[in-house]
Amino acid sequence: MSDTDDLLLPEGVRLIHIGPHKTGTTAIQTSLHAALPTLAAHGVTRAGKARHPALAVGYAVDHMLPYAKPRAGRRAWERLVADARSAPGGRVVVSSEYFSDADAAAAAKVVEAFGPDTHIVITLRPLVKILPSQWQQYVLRGLRMPYEEWLRRILADDRSVASRVNPSFWKRHCHDELVERWAAAAGTENVTVIVLDPSDRGMLNRTFERMLGLPEGTLVDAGGENRSFTFQEAEALRAYNAAYLADGQDRALHARMARTTVGAVVKERAPTQSEVPVPTPGWAVARAAEIGAEAAANIAASGVRIIGDLGVLSLHGSGSDEVPPPDVPPDIAGRLALAVLKAHQSATEVEQAAAVSSGRVLKPLPTSMLVRELIRRGRRRMGRVLRRG
């Protein structure tokens, strides 16, 4: 365990927080973004303009978003690296859970791009907490598989079974291998693992403050915590996916809608008292604890700096072997309909803006002209019918 008084990184270091997913990444990114003026006053640069540089990092690790263009990703990555390397002294921070999708070669390229003063930070939570959150995220992106069936495949002894369902899951969440991969790229001495304390919500912000040399209280909860879907909401989304994809609709459009609209609109509602969290069965809880204990032992032996209690990774709960009926409140269906409508409106506005910028936009026809054209076409159609008669 590391003494928190020794956490301060040297000036000139580029702190690269790689996640993985579902380990407080949105919360810390939002806290950093909200504190930008204060960061600058204390010699800390948050590289990039976006709260989360998803486009840039997706390109860097060869895991682009479904609708993103590689050329745009490459430019975003080059700007992010240039911003980090041209920072005026002090310390630099970049946070993106998408870094955890990197394989060994991509991790090495990331470290090379940011330079020799790169320090990798990995945040970890118990696998049993990550499983339902990650399933929900995959459902939002289009997964149609029920939770327990997904668990049986993800937790199968043969990891190739899991990779056929979600290839990214164990790349992100085989936590000891994740640590090993990035330690090989950056050097063991340049990796810090933060094991989050489930009873201390402020731990992550305080730890980042100490590492970056910021006054206590600089990073505060800025509303970046994602509310999880209830089991009923997740089941409604799963049914929506099945209907959407069975109808042969555009998968890229589905992904874009999920990222920009659908999940956010559903989460705007207040869950009813009858709704419950996604229930993880007891057998899966026990298996997750076994995997977590093995990962903790390997991380302890890796030589990286560790903040927090690795024993948390083998957290074991009782689980739930009774799956409640997924009765979906009517307002969830209403929210889904509203989300699709908003996504369609947003896409239309983007298309119209692109048409205007390229000079291809057409002026709308007056209603009177449209009516006259419809009458004319109707008369022509009726004439053809009469002639055939």
Side-chain angles (χ1 to χ4, degrees), residues 19-30 33 50-55 57-58 63-68 95-98 100-101 125 129-147 150 165-166 168-169 172-173 221-245 247 249-272 275-280 326 328-350:
H21 299 66
K22 305 304 176 184
T23 60
T25 52
T26 300
I28 192 64
Q29 289 156 11
T30 305
H33 193 71
R51 177 189 63 79
H52 177 205
L55 178 62
V57 179
H63 197 81
M64 291 284 288
L65 299 170
Y67 56 86
S95 175
S96 173
E97 59 269 37
Y98 288 10
S100 65
D101 288 324
R125 293 174 70 209
K129 299 291 187 181
I130 289 171
L131 286 167
S133 296
Q134 193 71 88
W135 174 75
Q136 292 175 46
Q137 198 67 22
Y138 287 131
V139 167
L140 182 61
R141 298 292 186 262
L143 183 71
R144 290 166 283 177
M145 189 177 294
Y147 183 47
W150 179 83
V165 178
N166 292 122
S168 62
F169 184 85
R172 300 169 177 175
H173 297 302
D221 183 3
E225 190 70 29
N226 275 327
R227 172 176 81 78
S228 295
F229 292 116
T230 66
F231 182 53
Q232 286 77 6
E233 288 171 336
E235 285 295 289
L237 285 167
R238 198 166 64 83
Y240 158 70
N241 293 339
Y244 184 101
L245 298 173
D247 197 50
Q249 296 295 322
D250 184 6
R251 288 177 176 267
L253 176 60
H254 182 280
R256 188 159 60 245
M257 288 164 54
R259 180 170 177 79
T260 60
T261 309
V262 173
V265 171
V266 170
K267 288 182 179 180
E268 286 173 358
R269 64 181 290 273
T272 64
E275 294 175 65
V276 298
V278 175
T280 301
V328 177
D331 71 308
I332 297 180
R335 281 283 170 183
L336 275 174
L338 177 62
V340 172
L341 175 62
K342 284 188 172 183
H344 174 72
Q345 289 175 335
S346 177
T348 301
E349 290 170 0
V350 170

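On a predicted model such as this, the values are computed, not experimentally measured, just so you know.
Side-chain contact check for His52 and Ser95: no donor-acceptor pair (N or O, by modelled atom type) lies under 3.5 Å. Gln136 and Glu233 form no side-chain donor-acceptor contact under 3.5 Å, judged by distance and modelled atom types alone. Thr26 and Gln29 form no side-chain donor-acceptor contact under 3.5 Å, judged by distance and modelled atom types alone.
Closest approach of Val139 and Ala234 over heavy atoms only: CG1-O, 3.7 Å. Shortest non-hydrogen contact noted between Leu55 and Ala68 is CD1-CB, 3.6 Å. The two residues Ser100 and His21 make their nearest non-hydrogen contact at OG-ND1, 3.5 Å. Residues Leu140 and His254 come closest through the heavy atom pair O-CE1, 3.8 Å. For Gly19 against Thr25, the heavy-atom pair with the smallest separation is CA-CG2, 3.6 Å. The minimum heavy-atom distance linking Leu143 with Arg238 is given by the pair O-CG, 3.8 Å.
Screening His173, Gln134, Gln137, Glu97 for a side chain to side chain donor-acceptor pair (under 3.5 Å) involving Lys22 leaves a single residue, Gln137.
Between Phe231 and Glu275, every side-chain heavy-atom pair lies at or beyond the 4.5 Å cut-off. Contact check for Tyr138 versus Ser168: side-chain heavy atoms found under the 4.5 Å cut-off.
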| request: Take Val276 and Gln232 through the side chain to side chain contact (heavy atoms under 4.5 Å, CB included) test and state the conclusion after the steps. | output: CA-CA 7 Å; Val276 298; Gln232 286 77 6; 4.1 Å; yes
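If you take CZ on Arg141 and CG on Asn166, they are separated by 12.0 Å, rounding to the nearest 0.5 Å. To the nearest 0.5 Å, atoms OG1 (Thr23) and CZ (Arg172) are separated by 11.0 Å. Note that OG1 of Thr280 is 9.0 Å distant from NZ of Lys129, once rounded to the nearest 0.5 Å. In this structure, the separation between CG on Leu237 and CD1 on Ile332 is 8.5 Å, given to the nearest 0.5 Å.
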